[in-house]
Structure formats: structure tokens, C-alpha cells
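See structure below.
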Amino acid sequence: QVQLVESGGGLVQAGGSLKLSCAASGTTFSLKVMGWYRQAPGKQRELIAGITPYGATNYADSVKGRFTISRDNAKSTVYLEMNSLKPEDTGVYYCNLRPVGTGWIPGVGSWGRGTQVTVSS
């Protein structure tokens with residue numbers, strides 16, 4: 001059974017930084033596509049960043065140049081480094097694990113429980 005556990009969220013002032021981690025177990029992590037999603041209050045969950053098993057990355061326009069996704073296959077962990085944080089980055093951040101070839105179809109794969117990020121102005 002796949003388990004994903006996020007950590008690293010918290011309260012930070014605008015302009016600050018946080019680094020999220022998501023540890024996976026119960027799967028061959030190195031063969032999976034990993035993504036970070038964000039759900040802001042009253043809004044739908046949206047894809048923020050993704051990384052393939054081969055290291056190719058993609059980002060939402062709203063976070064390009066500020067956020068960096070990376071993975072450590074030896075530790076079965078994916079990271080999201082967030083810099084120059086803005087109040088609009090506030091939300092619950094979820095880790096997603098999915099097979100290669102599914103694109104970013106909503107609802108696919110396994111999810112963590114999320115970690116709260118709050119950016120104060």
C-alpha cells in the first residue's frame with residue numbers, strides 16, 4: 001500500500017522561504033511521476049510542480065522562478081523548495097504519486113494528507 005507523508009509546512013512572512021518534503025513508501029518510487037498540488041481556501045486543488053522519473057520538471061506559471069521541485073530516489077522523497085513566498089501561496093500542499101504516462105489527469109494516483117503553508121503579509 002502506497003503511503004505519502006508530507007512535512008515542512010508552517011507559517012512564514014511574505015518574502016520568506018520554506019522547503020516541503022514528501023516521503024513515499026510501498027512503491028517503486030524511482031519509476032513514478034511526482035507532483036505537488038496546492039489547495040487554497042475556497043478553491044480547487046491545482047498542480048504546482050511535477051517531476052518525472054527522468055528529472056524533467058514542470059511548474060505552474062504562478063510559481064515559476066520561485067519554486068523548485070526535486071527528488072531523491074535513494075530516499076524515496078520529493079521536495080518542494082519555495083522562495084519569495086507570497087500571501088497567495090497560502091494553502092494546503094499535497095504530494096501526489098502517479099504512474100508514467102497518465103499526464104496530469106486529475107484524481108489519478110496516490111495522495112498524502114497535506115501540509116499547511118500560511119504566508120502572512
Side-chain angles (χ1 to χ4, degrees):
Q1 184 177 355
V2 177
Q3 285 193 320
L4 301 172
V5 180
E6 301 100 335
S7 61
L11 173 64
V12 64
Q13 288 189 331
S17 300
L18 283 174
K19 187 173 183 177
L20 307 183
S21 300
C22 172
S25 60
T27 184
T28 308
F29 178 84
S30 62
L31 300 181
K32 303 298 185 182
V33 176
M34 300 300 300
W36 284 99
Y37 286 71
R38 175 174 69 203
Q39 187 161 19
K43 295 187 177 181
Q44 288 190 332
R45 196 174 297 188
E46 61 173 341
L47 176 67
I48 294 300
I51 186 166
T52 73
Y54 325 109
T57 58
N58 64 288
Y59 297 92
D61 288 343
S62 61
V63 306
K64 278 181 182 176
R66 300 188 298 122
F67 290 12
T68 302
I69 188 171
S70 61
R71 65 192 297 160
D72 185 337
N73 289 337
K75 295 183 179 180
S76 296
T77 300
V78 63
Y79 304 97
L80 185 67
E81 186 166 0
M82 305 185 295
N83 298 313
S84 302
L85 282 161
K86 305 175 181 179
E88 51 263 44
D89 293 319
T90 293
V92 180
Y93 284 69
Y94 295 92
C95 176
N96 174 251
L97 177 148
R98 61 179 60 210
V100 171
T102 56
W104 294 107
I105 301 171
V108 172
S110 302
W111 296 86
R113 292 188 175 184
T115 185
Q116 176 71 44
V117 172
T118 303
V119 184
S120 63
S121 56

Under 4.5 Å between side-chain heavy atoms, counting indirect links through other Ile/Leu/Val/Met/Phe/Trp/Tyr residues: same cluster for L47 and V33 or not?
yes

Not counting sequence neighbours, list each pair that qualifies as a salt bridge (Lys or Arg N to Asp or Glu O under 4.0 Å) and has a residue in residues 80-103.
R38-D89, R66-D89

Using the test side chain to side chain donor-acceptor pair (under 3.5 Å), find all partners of N83 that sit at least two apart in sequence or belong to another chain.
S17

My understanding is that only residues two or more places apart in sequence, or in another chain, count here; which of them pass side chain to side chain donor-acceptor pair (under 3.5 Å) with N73?
R71

Salt bridge (Lys or Arg N to Asp or Glu O under 4.0 Å) partners of residues 3-26, not counting sequence neighbours, each pair once:
none

Please identify each residue that fulfils side chain to side chain donor-acceptor pair (under 3.5 Å) with T68, with sequence neighbours left out.
none

For F67, which residues count as a ring-ring contact (aromatic ring centres under 6.0 Å, His included) partner, sequence neighbours excluded?
none

Does Y59 reach the main-chain N or O of I69 with its side chain, forming a donor-acceptor pair under 3.5 Å?
yes

Taking disulfide (SG to SG under 2.5 Å) as the cut-off, I'd like each qualifying pair that reaches into residues 68-121, sequence neighbours left out, listed once.
C22-C95

Pairwise distance NZ(K32) to OG1(T102) - rounded to 0.5 angstrom:
9.0 Å

So disulfide (SG to SG under 2.5 Å) across residues 30-69, not counting sequence neighbours, yields none

Can you measure from OG (S76) to CE (M34) and round to the nearest 0.5 angstrom?
9.0 Å

Looking at every non-hydrogen atom in both residues, tell me the closest pair between P99 and V108 and how far apart they are.
CD-CG1, 4.4 Å

Apply side chain to side chain contact (heavy atoms under 4.5 Å, CB included) to Q39 and list each qualifying residue two or more places apart in sequence or on a separate chain.
R45, Y94

Please say yes or no: joined through hydrophobic side-chain contacts below 4.5 Å, possibly via intermediate residues, are F29 and V2 part of one cluster?
yes

Linked, directly or transitively: Y93 and L18 (ILVMFWY side chains, under 4.5 Å):
yes

Go through the structure and list residues passing side chain to side chain contact (heavy atoms under 4.5 Å, CB included) with A40, not counting sequence neighbours.
K43

Restricting to pairs with a member in residues 109-121, which pass side-chain hydrogen bond (donor to acceptor under 3.5 Å, both in side chains), not counting sequence neighbours?
Q116-T118

Quick one: hydrophobic cluster around Y79, which other residues, with the 4.5 Å side-chain cut-off, linked directly or via members?
none

Would a distance-only check, ignoring hydrogens and angles, find a side-chain to backbone donor-acceptor pair under 3.5 Å from T90 to V119?
yes

What heavy-atom pair brings L31 and V100 nearest, and what distance separates the two atoms?
O-CG2, 3.5 Å

Atom pair CG (L80) and CH2 (W36), whose distance is rounded to the nearest 0.5 Å:
6.0 Å

Between L4 and A24, which heavy-atom pair has the shortest distance, and what is it?
CD2-CB, 3.5 Å

Taking side chain as C-beta onward, heavy atoms only, is L20 less than 4.5 Å from S7?
no

